Structure formats: structure tokens, C-alpha cells
Amino acid sequence: MKYLKIIAFTHKQIELKELGKLVICQENLTDKLKQVQSEFKIPEIFYLATCNRVEFVLATSQVIDKAFTKKFIAALQIGLCEDYMATFLAGVSIYHEQEALNHLLRTSCSLESLVVGEKEILAQVRKAYESCREAGLTGDYLRMVMERVVKTAKEVYTDTMISRKPISVVSLAYRKLKDLDLCSKARILIIGAGETNQNISQYLQKHKFSNFSVFNRTLSKAEELAANLNGDVYNLDDLKTYNKGFDVIITCTSSVRPIITPEIYTTLLNGETGKKTIVDLAIPNDTDPEVVKQFNINFIEVHSLNEVAKNNLKDRYEELVYAEQIIENNIREFVPVLKQRQIELAMSQVPVKIKEIRHRALNSVFADEVGNMDEQSREVLEKIMDYMEKKYISVPMVMAKEILVNNCN
């Protein structure tokens, strides 16, 4: 595993807003990687960029250190000034050999992510590798590494609880709503058109809810969200007179005072007596406490969801020990697999060389003697040569594998 090296710039050492300066434009990516691959004589390379990291995975026998990294980044010609170069060199993490494989596995299993357990990183790593493979930047060595990366990540996500429990308030809120078994035609009032309500609206739309009315202080934002949902648009003040009824209210505004007062809630009910649902994701709450006391409602609010999110995150971290054990086992398994493959590649020329020797022996060195043989003798000789050829091919491979197994044990 001595050829695996990684140059990593991540959220752990570098501000996220600064990492963007290391991102290479997709249009120029292949050309730039081929340029540095040729300049630094790197046999295999692939590049990974996400919102949390920029990394270069290399298969090379060269010494990779900060001096090399400085030359490497400069050769990419991405326009870094000296100050930024110094910042990135101060925060770079360089991994070698087994440590590099461990880092790549941990990254793909989301153990190095801002949010432990998010599955998107595996897809990002695979896409980054495939893009470089298709461009001819990688070969057999990184192919084997990536096969182990995918295998390990799938085991972690399947055999641990690391990604099972949602930790975002929006996803938790939607789960609470889903548990209520609402009809897809349920009348949903969305109060506020900010990012939180946009996100929960995507969940609702994805799961076939279709009856929306959007209220917002800035009408243009309400119109934008309503257009995405194919819903109706209202100004926030229209809540005071809205009389079309509702089944669910989802509210999240920046107001410091309650939006849904007992008086407004009564108007919104329009005489209906069935149990309603309010999802209040605002801090402070948009719902007056008196509404919760006076009316028969399912009340889902951000404080209780935050507690669930914290507990779920804690549960995820408790799964780290199992995930790390899976990673350790895969590294231990992979070392002899990689060595065996290296032996196979190193000995791949053995059959060719043996066939060349046979051809030379029959057609040059012993050509006269073979020519003087009768047909039956030549047939016997051919059978002997076939047998010897097979043995000379198989015996070295078997012996090499035996040596490998004994050394690993």
C-alpha cells in the first residue's frame, strides 16, 4: 500500500468559505489534472471536491510533503495568492499508505463529515473517481482501492445505525406529520417563505401533498414558493380574514411576537371543530401559548424536535465504534488482497516469456533435432512441452501466493 497518498484540505483545519478557492472548474478539471499528472509523473490520480473538502488521491512512489504540495497546487494554476497558499499549506493534511486508506474509508463512510451518517459523501467520492477514471487518470491500483472503499461504506451504512435516525429539524418535523396519516389533499397553510419552509415544502410535495396556501410578509417570496407548490398566495395580513379552512399549519417566520393568536386561529377554523395540526418551526414560536391551551391541536414545535435531533446525533456518534471496527477489518483484509494483485501483475509476463522460450527452443535452438524426429516422437515432445509450460506458469504463482499468505500470518 506504499503508493497510496492523499493531500487533503478539509473543514477541520480550513474555513469552509476559504475552501472554495481550491475548487477547480469542471470545464478545466481534466486538463489540469493531466497537466500535473504529467509534470510530476504521477501514475494515477483522482480529485474530490465537496462543500466540506478538497482532496487529491494519488498512487505514486514519490515523497509527498508540504514542499511537494506547494509545487503541486501552484502547477494547477488556480490563481492562489501567497497569503492563501500559506493558509492552505498550514491546514493541509497529508496521508500515506495505510493511513491514507483509513482516511479515504472514513471519509466515504461519513465519519469525517460535518454531519456524521450523511450518505451523500459516498456518492460524491464514487462520482469523483468515475469522472477521473473515464478521463484515463486512474488505473488498476486505484480501481482496487475504490472497490474496497465502496464495499466498506456499504457495510457501515448497512450494519450500523450511523445513518438511520434523522437529525435535521425539518426531516423530523416531516416524520411527525407523516405519522398522522394525513390525506394528500389535506389543506396546508404555509406561513413564511424562508429556507426552513421551503425545505419542508419539498418533503410535502415529494410525497404528493397538493393543496397549499402560502402566506408571507413579502409577497414576492410567497409567490415564488407558491409557484413551486402550485398553491395560492396571500399576504401575511390576510390571515386575519382567511376563511377557507385548513388541516395543517406550517409556520416559520422571524417575528418576535406570535403570528397565530387565539383570535386569528378562530378565524382560520371558520367554524370547523375537528382536530388540527400546527407545525411551528420558528424561534421564538409563532404560535401563542394560549392557542395550544384553548384548542384541540397536534402541536409540533422546534424545541421538542431539537431534543430529538440531539439524541439522534448522540446515537449516531455511539455507532462510531462499530463503524471504525468495520473499517479496521476491511483494511486488514485488503492488505493481502492488494499484495496478491501486485504479484499477479508482476507475474503476468511469465506465460508470455515461457511461450517465447518454447517457440525459440522448437524453432531455433533445437530446430534440426526436432526436424529429424518422426511424427509420433514430435507428438510426444509436444505433449511434454505443453505439460512443462503449464507447470512453469502455475508453480511460480502458487509459490508466490503461499509466501504471501505465510508472511501475512
Side-chain angles (χ1 to χ4, degrees), residues 6 8-13 16 19 46 48-55 57 93 95 99-131 145-180 195-208 279 281 300 302-334:
I6 297 176
F9 306 90
T10 76
H11 63 92
K12 292 190 173 182
Q13 285 82 28
L16 291 178
L19 276 174
F46 85 85
L48 170 66
T50 74
C51 56
N52 298 329
R53 65 188 64 253
V54 172
E55 303 196 12
V57 181
S93 297
Y95 301 94
E99 182 187 38
L101 180 59
N102 182 60
H103 170 74
L104 190 55
L105 294 180
R106 287 179 60 86
T107 298
S108 301
C109 296
S110 83
L111 273 59
E112 299 291 330
S113 298
L114 273 172
V115 178
V116 171
E118 55 93 6
K119 292 184 178 180
E120 288 81 4
I121 183 63
L122 175 59
Q124 291 169 328
V125 172
R126 293 179 74 173
K127 184 178 179 180
Y129 165 75
E130 285 298 325
S131 176
V145 169
M146 278 304 301
E147 285 180 354
R148 182 60 51 162
V149 164
V150 173
K151 174 183 179 294
T152 306
K154 286 183 176 179
E155 287 179 14
V156 167
Y157 292 129
T158 301
D159 299 341
T160 75
M161 300 289 288
I162 200 167
S163 64
R164 305 281 175 87
K165 294 185 175 182
I167 57 174
S168 77
V169 167
V170 168
S171 61
L172 286 166
Y174 176 72
R175 285 203 172 196
K176 290 273 190 180
L177 273 177
K178 187 178 178 184
D179 290 342
L180 297 175
E195 183 177 357
T196 298
N197 277 355
Q198 290 174 26
N199 290 338
I200 199 167
S201 295
Q202 290 176 1
Y203 277 94
L204 294 165
Q205 191 175 38
K206 179 180 178 181
H207 291 87
K208 309 304 180 184
V279 180
L281 302 180
I300 303 168
V302 73
H303 294 294
S304 60
L305 295 175
N306 269 332
E307 287 304 311
V308 176
K310 288 177 183 177
N311 290 333
N312 286 358
L313 185 58
K314 180 182 176 183
D315 289 344
R316 286 191 177 191
Y317 274 102
E318 288 175 352
E319 291 291 297
L320 286 179
V321 63
Y322 305 113
E324 287 171 348
Q325 185 61 56
I326 290 172
I327 289 172
E328 184 180 330
N329 291 342
N330 270 278
I331 292 174
R332 186 165 55 247
E333 291 172 4
F334 184 59

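Keep in mind that this is a model prediction, so the values were computed, not measured.
When every heavy atom of Cys109 is checked against every heavy atom of Tyr157, the shortest pair comes out as C-OH, 3.3 Å. Across every non-hydrogen atom of Ser113 and His11, the tightest pair is C-NE2, 3.9 Å. When all heavy atoms of Gly117 and Ser110 are compared, the closest pair comes out as N-OG, 2.6 Å. When all heavy atoms of Arg148 and Phe334 are compared, the pair lying nearest together is NE-CD1, 3.6 Å. In terms of heavy-atom proximity, Leu19 sits nearest to Asn52 at CD1-O, 3.4 Å. Residues Ser171 and Tyr203 share a closest heavy-atom pair of CB-OH, 3.3 Å.
Looking at Val321 and Gln325, their side chains never come closer than 4.5 Å, going by heavy atoms from C-beta outward. The shortest distance between side-chain heavy atoms of Val145 and Val57 does not fall below 4.5 Å. Between Val149 and Leu105 there is a side-chain heavy-atom pair separated by less than 4.5 Å. Residues Thr10 and Glu112 form no side-chain contact, since every pair of their non-hydrogen atoms from C-beta on lies 4.5 Å or further apart. Looking only at side-chain heavy atoms (C-beta outward), Ser108 and Thr152 stay at 4.5 Å or farther from each other. Side chains of Lys178 and Tyr174 form a contact here, defined as non-hydrogen atoms less than 4.5 Å apart. Two residues are said to be in side-chain contact when any heavy atoms from C-beta on lie closer than 4.5 Å; Met161 and Glu318 fail this criterion. No side-chain heavy atom of Glu319 sits under 4.5 Å from any side-chain heavy atom of Arg164.
Here Glu99 contributes atom CD and Ile331 contributes atom CD1; the two are 10.5 Å apart, rounded to the nearest 0.5 Å. To the nearest 0.5 Å, atom CG of residue Asp159 and atom CD of residue Glu155 are 6.0 Å apart. Arg53 CZ to Gln13 CD: the interatomic distance, rounded to the nearest 0.5 Å, is 10.0 Å. One distance of note links CG of Asn312 with NZ of Lys314; it measures 12.0 Å at 0.5 Å rounding. For the atom pair CG (Leu104) and CG (Leu48), the distance works out to 8.5 Å, reported to the nearest 0.5 Å. Taking CD from Gln205 and CD from Gln198, the interatomic distance works out to 12.0 Å, rounded to the nearest 0.5 Å.
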- Task: Carefully, step by step, assess Leu281 and Leu305 under the rule side-chain contact (heavy atoms from CB on, under 4.5 Å).
- Result: CA-CA 9 Å; Leu281 302 180; Leu305 295 175; 3.7 Å; yes

- Apply side-chain contact (heavy atoms from CB on, under 4.5 Å) to Glu130 and Met146, showing your working. CA-CA 10 Å; Glu130 285 298 325; Met146 278 304 301; over 6 Å; no

- Do Val116 and Tyr317 pass the side-chain contact (heavy atoms from CB on, under 4.5 Å) test, and can you show the C-alpha distance, the side-chain angles, and the key distance before you say yes or no? CA-CA 7 Å; Val116 171; Tyr317 274 102; 3.5 Å; yes

- Task: Report the C-alpha distance between Ile121 and Gln124 in whole Å, list the side-chain angles of each, state the deciding distance to 0.1 Å, and finish with yes or no for side-chain contact (heavy atoms from CB on, under 4.5 Å).
- Result: CA-CA 5 Å; Ile121 183 63; Gln124 291 169 328; 3.5 Å; yes

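Counting heavy atoms of neighbouring residues, nucleotides and ligands inside a 6.0 Å radius, atom NZ of Lys176 does not exceed 12 of them.
Between the side chains of Asn311 and Glu307, no donor-acceptor pair is found at a separation under 3.5 Å.
With respect to Lys151 and Glu147, no salt bridge is recorded, no charged nitrogen being found less than 4.0 Å from a carboxylate O.
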